[in-house]
Structures are given as structure tokens and as C-alpha cells.
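I have a structure I would like to understand better, so I am pasting it below and will then ask my questions one at a time.
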Protein chains: 4
Amino acid sequence: MPNTAQTPSKKKTQVTASPERRRELLDTAAEVFAAQGYNATTVREIADAAGMLAGSLYYHFDSKESMLDEILSTFLTELWEGYDAVLAAGLGPRETIEALVTESFREIDRHRAAVAIYQKESKHLTAQPRFHYLSDSQQKFEKAWLGTLERGVRARVFRADLDIRLTYRFVRDTVWVAASWYRPGGQHSPDEIARQYLSMVLDGIAVRP
Amino acid sequence: MPNTAQTPSKKKTQVTASPERRRELLDTAAEVFAAQGYNATTVREIADAAGMLAGSLYYHFDSKESMLDEILSTFLTELWEGYDAVLAAGLGPRETIEALVTESFREIDRHRAAVAIYQKESKHLTAQPRFHYLSDSQQKFEKAWLGTLERGVRARVFRADLDIRLTYRFVRDTVWVAASWYRPGGQHSPDEIARQYLSMVLDGIAVRP
Amino acid sequence: MPNTAQTPSKKKTQVTASPERRRELLDTAAEVFAAQGYNATTVREIADAAGMLAGSLYYHFDSKESMLDEILSTFLTELWEGYDAVLAAGLGPRETIEALVTESFREIDRHRAAVAIYQKESKHLTAQPRFHYLSDSQQKFEKAWLGTLERGVRARVFRADLDIRLTYRFVRDTVWVAASWYRPGGQHSPDEIARQYLSMVLDGIAVRP
Amino acid sequence: MPNTAQTPSKKKTQVTASPERRRELLDTAAEVFAAQGYNATTVREIADAAGMLAGSLYYHFDSKESMLDEILSTFLTELWEGYDAVLAAGLGPRETIEALVTESFREIDRHRAAVAIYQKESKHLTAQPRFHYLSDSQQKFEKAWLGTLERGVRARVFRADLDIRLTYRFVRDTVWVAASWYRPGGQHSPDEIARQYLSMVLDGIAVRP
DNA sequence: AATGAATGAGACTTCATTCAT
DNA sequence: CATGAATGAAGTCTCATTCAT
């Protein structure tokens, strides 16, 4: 997931005009998209949720698609700020994985809707040029995680008998699917969930003999 | 996921028509639904993929929705045949989990498209009465897995220090998300994938000290 | 084209506002209307060209349509001042035609945009009561030109072997279509263009035997 | 006006399907476009005129714009067939002009609506890449007419004292504006109109001294 | 005077579905 | 069985216009 070059909307929508209102509306839209799916969501439903008429949304945004775009790219930008900080910290492989997982759950906590949308829609969005940055991010993401896992195998902190790509998918999916059931303000804090997830992933759920 | 035999077409569709052609068309439809999402798929795209015109599909099926219905219910019926056999076998908790995971990967191998559709669409489909059987299945599914896990904790074969519901979601998601990247005929057989997944889930990816 | 003083704004627009600004804005609007067509022009494009926001135009004008109205009626008023002077001068038919053509090219020079708009839009505007004055003008126009041509035929200065209505349309169109390509400040002055046009219309482009 | 490369509609509309219906609908659309202007015409008005619902038009055409495109390009293709035949005939300059004018009035007779649309819309359409062929045609058109006129001046059959570009515009506009008032089946046949126009253009409307 | 935000009507377009052939 | 043509509902988007500030 890349810190997107963000489509420069030259046309009309005031990107200048009050960014708070924009953000409010995007949050509303993200919530509806996450709940119903992007395609199944009508512009009118977003507008209803925002307390305005469908047409009024177009004062703030070019199109329904550009809302989706902005939701996803904003999320990815923030995500990579966190990831890049972790990767630059020079930690050992196990500590890096721990930090990445923790960071991920924090992002899920902060951008639950965006993550859920990303999970559901990103695959078929990458076909469109406008959303190529999703693949870019995906690749960068894979490099960071897979690289760390490989480093760990070489350093003998991760098992060598497993297919490394399988392990990668396992860890990756395990973390991000959480967005589909996670509700902020629930029983466990993001950090607590991260701790338990890491414990399962690293040590397994079986009792040690 | 229940084997609710919800298929009886009430309206008109010729059940007389050769069931093989029906299945062929459903397979085609499932593939397209999985690739693009149900909502994003037009009836014309399915027809194109099947080499006919959109209207012609209606000789075989009542509606786009009934195709989805049939795809999902067929899959769930088969899935529960396998699951029920496992659950009736009277295995210990660890062996039950192993058998369920293995069975799941076999289903993914056989019904990749259906599983992918299920993953993406089931949440917002359960709202419709027609698809209530999806929630039924979900519940039955949860009871089987959660029950087995709890049994394992009591039997001291699974760790007691983890939130059991978190563990459940972890195992469940770990398995099913695989449908999003799995391609039949790949490097690893379903059983091999199951073996490695189980190894990770049960024993973790970290090297034991 | 009549000088129907159809301008009195009945509704609200501040006529108090400086008339120069009004004229400026109308000139801008006319330019955009001429370039893109009235229907294809959005109020926002006019506002952009004027360096303000769309809504702000409504401080100056009732509606987009009233801008068009004012552009056209102002032009026609001026046109008829010139024409009426010519017609009142008591010239012979050939001299009258010469004077009318010359006057027309001067109007095109002064009101290029308005003339272009008139050419493109007048036909479908005449349906609306608000723009009935366009048909009135058209009729008065036809009477003046056709009458002069007929007078010329009777006086044996214009050919009698031509369909007089065809001749009328020929002369009329010949003159006014020029607005579609004419650019003020070009190579030829309006009077020079008029001279050459008259030479062609009166004597033809073929070399005399 | 070029014999257009015609946009290859790859997407969906059956260009194969009954070309007669297509042509019928295009004729209807052309009539409405010519009467009201392209922008002022709604898809529903076209559909009403064709006795169907607005959406049904999209079975035959990609978009309102593609109808316009097909109307114009079909017309231009036919026009250039006629023009090219004339230009290839090796006539003298005066005879070439006569043949071109005659051919033009025949085209106006056959494609009155298309010509009217061309006159009104072509200028602002050329901005769009899709309609670049309009400029191409315009250029080819200019080369043919201007070239013939220059040839005529050199051959001393056309006057040398006139600005040749002015003459070109004069002749060109004179002919084509006729589409705005011409009604097929009127008093004069296209050939008769051509004859009188040529008489005016070549010899003028004034009586020879 | 001008802005920023919103309204509401209506435009173009898509698409599941129907049905005579 | 399948096609070709059409329907009708609904969806996205545009735009002239309004109005409080």
C-alpha cells in the first residue's frame, strides 16, 4: 500500500474549501461503503447519511469514485507513515513483525471503514488506472513483510520448514481480515488484540508439550 | 453454513433443461461473480462468458439473484456434508480441528469461486430473507468450531490464556481468506496447504527456544 | 430585427449596480456564448471568465436567460438605429443595399459575439414569448431588404431573372455568416470587407467577357 | 469534410444488428437535433419521436454523442464521395466550381438535417478528439475550393482584384447556410437552386451596364 | 458585492428483465 | 434454446438557482 500520488483534481471541486467538511463527508461515505459495499451503495444513501441531497455531494467531490479514491489513498498514506517509521527503526526481524502487526491493528482501529473497503474492493479496483496505486502499495507491502520474514528465517528466529509465501499470506490475511469484525471501543484495545494475535501467530494455539 | 435446501424454484424456470448445462452456466457465473463482485457483474458479462445473449440466461434461471442463490446453497450443502461427517466421527479436539481445516481447504479447492463469493457477499446478503440460510450456516459453523476449541481448552490441548472468540476468528479467517488467492492446480495441494496452515496455527511460526 | 425595448427587468436585479460592470459581464458572457453555444455554456463558465463564482452573477442578473436576452436586445437596438438611419436617407435601391451591407459589417465589427449568438440561437428562441422580439426584428428586416431588392428590380438596377426570395436569402446570409469567422482587428477593416462583398454580390466573381 | 475513419465502437452496441433500424433512428435523431440543436435536445425527445423509451435507444447506440458522431460522419463520407468524383473529373476551374456547388445543393437536399447540424455544432465539436475528423474535413474542403478558385484566377476566369480567402468564405458560406432554410420538396429543385446561386455568385445580382 | 454551500429538477446512462419470433 | 428488441426502474451526475453570511 503506497503513499499515493493522489489524483490532482484539476477540474472543479474545491479542494481548498473547508477540509473539515470534506473529511466529515468522507467519513460518512466510508462508513456506508464499508457496510454495504461500494457498488451496492447509492450516492443518495451517502447523502442521506450526511443529511443532504444527492446532488449536493458534487459540490465537494467530483464523483462517487473520487470519494472512494480519497478514502483509500488517505488511509494508505497514513498507513505507510506508520510502516515506514517501523521499517526505518532498525529492529530485529521478530521485533519488526511485532511492530508491524501492532501498527496494523492501530490503523484498523483508526480507519476501520477504510480498511474494510480496501479488503473488499481493492482486487477489482486495481484494474482501473486510477487505482493503480493500490497495486503499488500491495507490492511495497509484500516486500516489507516477506523481506522481514526471510530475514527472520536466516536469523533462525522463524521456522525454516514452512513455505515462506504461504507464511506471508497467512500473517497478512490474519491481520487485515480483522477489520471485518473489529469494532472500535470493544472489549480489547488494538494493542491487546495485537498482543494476542502475535502470541498465536508466533507460538501457536496448541499447548506446548 | 447450513444445508438449508432452499433451492426449489417456485416460479417457472425449466428444471427440465439438462442439469449439466445448468451447472456449466452456474460455474461460469460463479467465476465472474468471484472476479468482479456480484453487484459489479452484469448479466451480460455472464452471458458473454457463456457465449450467449443476456436474455437467453433467463431460459435457465429466474434471475441473477437466483444464480447467486444456487451457487451459494450448492456450495454450503456440500460443505456441510463434509463437516457433518467430521463432527460425527468422534475425534479429539485437536484432531477435529485438523480434520475441519483439511476439509475446508478441500472445499476451497473444489468451490474456489463460490467460497470467494461467500466471503465477499455473505455479510450484506443475510439481510434478505432469501439468504437467511447464510446466517443459519454461520451460526452452526461458529458452534462447531468454537465448541471444538472450548473442548480443546478444557482438555488442555489448546492454550487457556487466549480470548477464545479471538482464537475462533483467527482460525476461521486464516482458513477461508485463502480462497482469495488460491488457484487450483498450483504448487501445493489442498492437503499440503492444510498441513502447513495447521502447523502454523497450532505451533506458531517462531522457532522454539 | 426590432429595437423592441424589452429590457425592463421586472424582478429584482439591482439596476443600481454600476452599469459598466454590468456591460463588462455581459461582454464576457457574450464571448463565451458565442464560442460554445448558449446551451452548452454553464453559468459557472461565465463566472470563471469573469473571475467570480457562479452564484455571484445572480447579484447582477436574474438568470442566464436574462443575460442572453440583454445581449441580444442591446445588439438589435443598436443595429436598428443604424438601419433606420439608412432607410430614412432616401437613397436609391443600389445605394441602399450598399449602405445596409456596410452598416451590417460595422455592426459585426462592434458586436461580433452578439451576432454569432443571434445566428446560432435565434431560430429556436423565437418559440419563447420572451424572445418574440426576435421574430419581429426578422420580419422588419425582411421587409427592408426584400423591399429594397424589389425596388431595385423595378428600377432595372437588379436582375429580374432571379427568384427574388432566393436573392434575398443569398444577400442576407452572405453578410451575416461573416460573424462566424470575423475577428476584429484583422487584415481588413469592416468597410473594406463590405466593399469586397458588395463587389462580389453585385458584379459576381467571374471575369466579364 | 473528410471521409472519416469512423470511431470503431468496440464496446457493445450491435453495429451488426439490422442497419435499417439504425438508420431510421439516426434519421429521427438528426431531424430533432437539426430542429432544436444538439445540446437542447434530450434523449427522451429523440426516443419519443422514434416511439420508444429513452433507455431503449441504448440498445442501438452507445450514447447520444455517438448518434451525433454517426450522423455527421455518414454525411461527410457521402459528401466526399461526390466531391472526390468532381475533383477527379479534370474540369476547368469554373466548371469545377459549378459542379461542386451543384453537388453541395444535392447533398443539402439529401442530408438537410445533417448539414444543419454540421453548420451549428461543428465549430465547438472540433475541440473533442472524437470529432477531430471534422477539422480534417474542413481542411480538405478548404484546399479543394481555395485551390480551384486560385486556379481560376490564374486562368483569368475569376477576378484577380478580390481577396481570395474572402471569396472562398463567401462562396462556402453562401452555399451551406442554405441548409438552414431549405426544405426538400419546395418550389425549386436542388439543381435549380444551384443554377441560380451560381448565376448570382459568378455574375452578380446587378444589371450589367 | 461576493462567497460557500446547498437545492431540486432533470439529464444521460445502465441494467435486470420480458417476450415475440 | 436462443436472439433481438424493448421496457422501466434506478443510478450517477449536471446545473441554474437560492440564500445566509
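The chains referred to below are lettered A, B, ... by the order of the sequence lines, with proteins before strands, and numbering in each begins at 1.
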Exercise. Report the base-pairing partner of F/dT21 (Watson-Crick or G-U wobble, both distances below 3.5 angstrom), or none.
Key: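 Matched F/dT21 with E/dA2 under the 3.5 Å cut-off.
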Quiz item: Which nucleotide, F/dC1, E/dA2, F/dA5, lies nearest any side-chain atom of C/Met52?
Solution: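 Given the options F/dC1, E/dA2, F/dA5, the side chain of C/Met52 is closest to E/dA2.
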Self-check item: Nucleotide nearest B/Ala54 (side chain, heavy atoms from C-beta), chosen from E/dT17, F/dA16, E/dA16
Solution: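 Of the candidates, E/dT17 comes closest.
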Quiz item: What's the closest nucleotide to the B/His60 side chain, out of E/dT17, F/dA2, F/dT7?
Solution: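 Closest nucleotide to the B/His60 side chain: F/dA2.
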Quiz item: Is the shortest side-chain N to carboxylate O distance from D/Glu20 to D/Arg23 below 4.0 Å?
Solution: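 Salt bridge absent between D/Glu20 and D/Arg23.
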Quiz item: Out of A/Asp69, A/Thr126, A/Thr77, A/Leu125, which residue meets the side chain to side chain contact (heavy atoms under 4.5 Å, CB included) rule with A/Tyr133?
Solution: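 So, applying the side chain to side chain contact (heavy atoms under 4.5 Å, CB included) to A/Tyr133 and each of A/Asp69, A/Thr126, A/Thr77, A/Leu125, only A/Asp69 qualifies.
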Quiz item: When you measure from the side chain of B/Val43, which nucleotide among E/dT13, E/dA16, F/dC1 comes out closest?
Solution: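 Nearest to the side chain of B/Val43 among the choices is E/dA16.
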Practice problem: Have a look at C/Thr41 and say if it touches a base, only the backbone sugar-phosphate, or nothing, with a 4.0 Å heavy-atom cut-off. | Solution: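 It contacts sugar-phosphate atoms only.
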Quiz item: Separation of D/Lys64 atom NZ from F/dT14 atom C1', in whole Å?
Solution: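 It works out to 12 Å between those atoms.
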Quiz item: Taking the side chain of B/Arg21 as heavy atoms from C-beta outward, which of F/dT3, F/dC13, F/dA2 is closest to it?
Solution: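 Per side-chain heavy atoms of B/Arg21, the pick is F/dA2.
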Practice problem: Identify, between A/Thr42 and A/Ser56, the residue whose nearest nucleotide on DNA chain F lies closer to the 5' end. | Solution: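 By nearest-heavy-atom nucleotide position, the 5'-most residue is A/Thr42.
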Quiz item: Does NZ or CZ of C/Lys64 fall inside the cone over C/Tyr38's six-membered ring, less than 6.0 Å from its centre and within 45° of the axis?
Solution: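 So C/Lys64 does make the cation-pi contact.
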